[in-house]
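Proteins come first, then strands; the chains are lettered A, B, ... in the order of their sequence lines, and each starts at number 1.
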2 protein chains.
Amino acid sequence: MKHHTRQRQAIIHCLEQAGGPMSPQEILILAREKVEGMGIATVYRNLKLLEEEGKVRELVLPGEGARYEKSGLSHHHHFFCRGCYKFFCIEGCPREIISMVPRGFALEEHEIVLYGRCRECRDYRPDDSV
Amino acid sequence: MKHHTRQRQAIIHCLEQAGGPMSPQEILILAREKVEGMGIATVYRNLKLLEEEGKVRELVLPGEGARYEKSGLSHHHHFFCRGCYKFFCIEGCPREIISMVPRGFALEEHEIVLYGRCRECRDYRPDDSV
DNA sequence: GAAAAAATGATAACTTATTATCAGTTTAAC
DNA sequence: GTTAAACTGATAATAAGTTATCATTTTTTC
């Protein structure tokens, strides 16, 4: 990576504005507001480059494929909204997690994902939903 | 589902013996010890049938594709071993989770996954590992 | 502005997990 | 044992996400 491009800047901007980790598709849609006609391959290419540079972190969360967030954020977890299919970063981390580790097991990391509905989606449900 | 088959019994047996949710591949390998030559399609077919009957539950956990565990287990979480790539059920659940929900969000479910190394894999690392 | 390097968009190719197809086999009821 | 329905194994097909290819465009350096 040597050149600055409008596309790359738009992707970085998306991730900086984001309230949570984003999928490549989400990034594409948002970044297209700045760079009309941007292609999905460009998103993947740049996410990979940014990840190699340590500017972006790939998260593996349940279902929904990989998500990306800018690196350097303090320890946090995520809330997944089943209405809009977005992830939100949330604060806090229960200390009790340590006591859940089975005897003899070595804990390296942990992931907590809450599922439910965000503020906007809480009261709205489309007619065809169960 | 009307007939009892050796294949189906083997799959159920696997899930009952399991210490954690299993992938279709893991089930296949284990079930083949009882039914030589069993095919992967049979595993998928039966998991789906058992799920429809409510005997088995599909879990969506980070990475690694879907896992299955028998239903009716009490609330619990999982530990993923990076040595043997297996999931283990673990006890306990931090109450603090509720305090992590952003104001106005509705919590429906949650998932906690611990990552690290199980007792067997803790001290063993293959030469080629990082 | 010209030239070289880097990046892009479109799309084909690839991956991995899962599902469908189908001829042959097994099960359950008689 | 016969028969019909259910099931199986092998494998082709599918689906979704990601990566590779390549002609063209953009960026940087001079």
*Asks:* Side chain of A:Tyr44: nearest nucleotide among D:dT18, C:dA6, C:dT27?
*Replies:* D:dT18
*Asks:* Any ion pair linking B:Glu109 and A:Arg82 (charged N to carboxylate O, less than 4.0 Å)?
*Replies:* yes
*Asks:* Measure from CZ on B:Arg67 to P on C:dT18 and round the result to the nearest Å.
*Replies:*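 Distance check: B:Arg67 CZ to C:dT18 P gives 10 Å.
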*Asks:* Just the rounded figure in Å: distance from P of C:dA7 to CE of A:Met38.
*Replies:* 15 Å
*Asks:* Atom CZ of A:Arg45 to atom C1' of C:dA5: distance rounded to whole Å?
*Replies:* 15 Å
*Asks:* For the pair B:Arg67 and B:Glu26, find out whether any cationic side-chain nitrogen is under 4.0 Å from an anionic carboxylate oxygen.
*Replies:*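 Salt bridge flag = yes for B:Glu26 with B:Arg67.
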*Asks:* D:dG9 C1' sits how many Å from B:Glu36 CD, rounded?
*Replies:* 13 Å
*Asks:* Return the value, rounded to whole Å, for the distance between atom CG of B:Leu49 and atom P of D:dA6.
*Replies:*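 Nearest whole value for this atom pair: 12 Å.
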*Asks:* Taking atom C1' of D:dT19 as reference, at what distance in whole Å does atom CG of A:Asn46 sit?
*Replies:* 14 Å
*Asks:* Using heavy-atom distances to pick each residue's nearest nucleotide on DNA chain D, tell me which of B:His4 and B:Ala41 is more 5'.
*Replies:* B:His4
*Asks:* Can we call the ring centroids of B:Phe79 and B:Tyr115 under 6.0 Å apart?
*Replies:*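 Aromatic pair excluded; centres sit 6.0 Å or further apart.
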*Asks:* Between C:dA7 atom P and A:Ile12 atom CD1, what is the distance in whole Å?
*Replies:*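 Atom-to-atom, A:Ile12 to C:dA7, this comes out as 12 Å.
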*Asks:* When you measure from the side chain of A:His3, which nucleotide among C:dG9, C:dA6, C:dT18 comes out closest?
*Replies:* C:dA6
*Asks:* Of the nucleotides C:dG9, C:dT19, D:dT8, which one has an atom closest to the side chain of B:Lys48?
*Replies:* C:dT19
*Asks:* Could you pick out which residue, B:Ile40 or B:Arg6, lies toward the 5' side of DNA chain C when each is mapped onto its nearest nucleotide?
*Replies:* B:Ile40
*Asks:* Side-chain N or O of A:Thr5 less than 4.0 angstrom from OP1 or OP2 on C:dT8?
*Replies:* yes
*Asks:* Rounded to the nearest angstrom, tell me the gap between atom NZ in B:Lys2 and atom P in C:dA29.
*Replies:*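 In whole Å, C:dA29 P lies 10 Å from B:Lys2 NZ.
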*Asks:* For C:dG9 and A:Gln7 - does any side-chain N or O of the residue sit under 4.0 Å from the phosphate oxygens OP1/OP2?
*Replies:* yes
*Asks:* So that I know where these two stand, are B:His110 and B:His75 an aromatic pair - ring centroids less than 6.0 Å apart?
*Replies:*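 Here the rings of B:His75 and B:His110 have centres that are less than 6.0 Å from each other.
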*Asks:* Could you list the cluster mates of B:Val60? Members are the ILVMFWY residues connected by side-chain heavy atoms closer than 4.5 Å, either directly or through other members.
*Replies:*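 Reading the cluster by chain and number, B:Val60 sits alone, since nothing else belongs.
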*Asks:* The side chain of A:Arg8 is closest to which nucleotide in this list: D:dT18, C:dT8, D:dA6?
*Replies:*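 The closest nucleotide is C:dT8.
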